[in-house]
Structure formats: C-alpha cells, structure tokens
Amino acid sequence: MRVRTLLRRHFIGFSLAALFSLGHPLAVAWNDQVTQACTHEGHAATEAEIAICHAYIEGFLDGAVITDTAVIASVEEGAPKESDYLKRAYMTRMGSYNPKLPATALAHFCLPQGMEREEVVEAIATAIALDENAAEDVSISLYNILQANYPCEDS
C-alpha cells in the first residue's frame with residue numbers, strides 16, 4: 001500500500017513536471033492555478049487550494065530527493081574508495097566520518113531529521129503565502145524558501 005502511494009505521488013509529480021516543461025497553455029494555466037493556490041491572492045485559502053499547493057510542494061520535494069539521490073549514487077559508483085588516511089583526517093578534524101550526503105544536498109537544502117514531512121510541507125506553504133515574489137514564479141520562491149529555511153549542516 002505504501003509503495004502504491006509513493007508511486008502515485010511520484011507519477012503526479014513527474015506528470016506536473018512534464019506539463020510545465022511543454023510550455024503549453026495548459027501548463028501556463030496550471031502554473032497560474034498553483035500560484036493562486038499557494039499565495040491565496042488576498043483571500044482565505046480553500047481546502048482545494050491547500051491541497052493543490054501541498055501536492056505541488058510534495059512533488060517538488062519528491063523530485064529533488066529522487067534526482068539528487070540518483071546523481072549521488074552514480075557519482076559514488078565511479079569514485080575511488082576513500083583511504084584510511086582520509087577517514088582518520090575526518091575523525092581528527094571533524095569528530096566523525098560520514099561521507100554520505102543527504103539526499104538533497106546537491107540542491108543546497110537538507111530536509112530536517114525528526115520533523116514530519118507534513119509539518120515541513122505546511123511550513124513551506126505558509127512561507128510561500130507570505131513571499132511577495134511567489135506570484136512571479138512559485139517554483140523559484142519554493143526553492144529559495146527551501147535553501148533559506150533548511151540549509152545543510154556543515155559537518
């Protein structure tokens with residue numbers, strides 16, 4: 001059941017991405033609908049608008065996690081194995097050795113550990129609604145909010 005839900009969510013996210021990439025009037029209309037749903041444009045958000053905005057954010061996050069994970073995995077496959085010297089250097093200078101990157105580190109944001117995904121999505125949706133620039137391009141606003149509010153720890 002969980003796999004089916006994840007696949008459905010990924011299919012929706014990929015479908016939306018394909019729609020936006022077409023430059024088709026439907027894509028423009030959908031972008032306008034997402035922008036209106038996420039910014040509320042001066043009115044209280046309806047349940048439908050909240051659902052649209054949350055689905056867009058979920059798709060954005062899923063896309064980032066999936067693509068960055070695949071890129072990191074392909075880079076790690078071709079990378080030489082780390083030496084014991086490098087591991088000891090990490091231990092003495094940084095206190096720990098963890099060469100594993102978080103899934104979205106390449107996008108310069110890291111989703112918080114110990115916080116439910118729904119909470120993250122709600123926080124992002126609230127930030128988009130307050131962002132004056134979101135009406136121009138909601139995807140850029142979303143990305144900027146992720147980078148500003150969920151930076152990766154330097155460790």
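- Take Ser139 and apply the side chain to side chain donor-acceptor pair (under 3.5 Å) test, not counting sequence neighbours, and it matches Asp137.
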As a quick check of understanding, evaluate side chain to side chain contact (heavy atoms under 4.5 Å, CB included) for Thr104 and Tyr150, giving each step before the final call.
CA-CA 10 Å; Thr104 55; Tyr150 303 103; over 6 Å; no

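- Among all heavy-atom pairs drawn from Ala134 and Thr35, the shortest one is O-CG2, 3.8 Å.
- The CG atom of Leu142 lies 6.0 Å from the OH atom of Tyr56; values are rounded to the nearest 0.5 Å.
- A donor-acceptor pair under 3.5 Å is absent between the side-chain atoms of Gln147 and the main chain of Asn144, judged by distance alone.
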Side chain to side chain contact (heavy atoms under 4.5 Å, CB included) between Leu61 and Arg117, intermediate numbers included
CA-CA 10 Å; Leu61 294 175; Arg117 178 82 171 250; 3.1 Å; yes

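- Rounded to the nearest 0.5 angstrom, Ile145 CD1 and Ile140 CD1 are separated by 11.5 Å.
- Of all heavy-atom pairs spanning Asp68 and Ala105, the tightest one is OD2-N, 4.3 Å.
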Check the pair Gln33 / Glu49 against side chain to side chain contact (heavy atoms under 4.5 Å, CB included), numbers first and verdict last.
CA-CA 8 Å; Gln33 188 174 8; Glu49 288 177 328; over 6 Å; no

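- Scanning all heavy atoms of the two residues, the minimum distance from Val34 to Val138 falls at CG1-CG1, 3.8 Å.
- In this structure, NE2 in His108 is found 13.0 Å from CG in Leu146, a value given to the nearest 0.5 Å.
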Decide side chain to side chain contact (heavy atoms under 4.5 Å, CB included) for Val65 and Leu111; before the verdict, give the C-alpha distance in whole Å, the side-chain angles of both, and the deciding distance to 0.1 Å.
CA-CA 9 Å; Val65 169; Leu111 298 173; 4.2 Å; yes

Can you give each donor-acceptor pair under 3.5 Å made by side-chain atoms of residues 125-132, sequence neighbours left out, with the distance rounded to 0.1 Å?
residue: Thr126; atom: OG1; partner: Glu122; partner atom: O; Å: 2.9
residue: Asp131; atom: OD1; partner: Asn133; partner atom: N; Å: 3.0
residue: Asp131; atom: OD2; partner: Ser141; partner atom: OG; Å: 2.5

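- Ring orientation note: the planes of Tyr143 and Phe60 are tilted relative to one another, at an angle of 30° to 60°.
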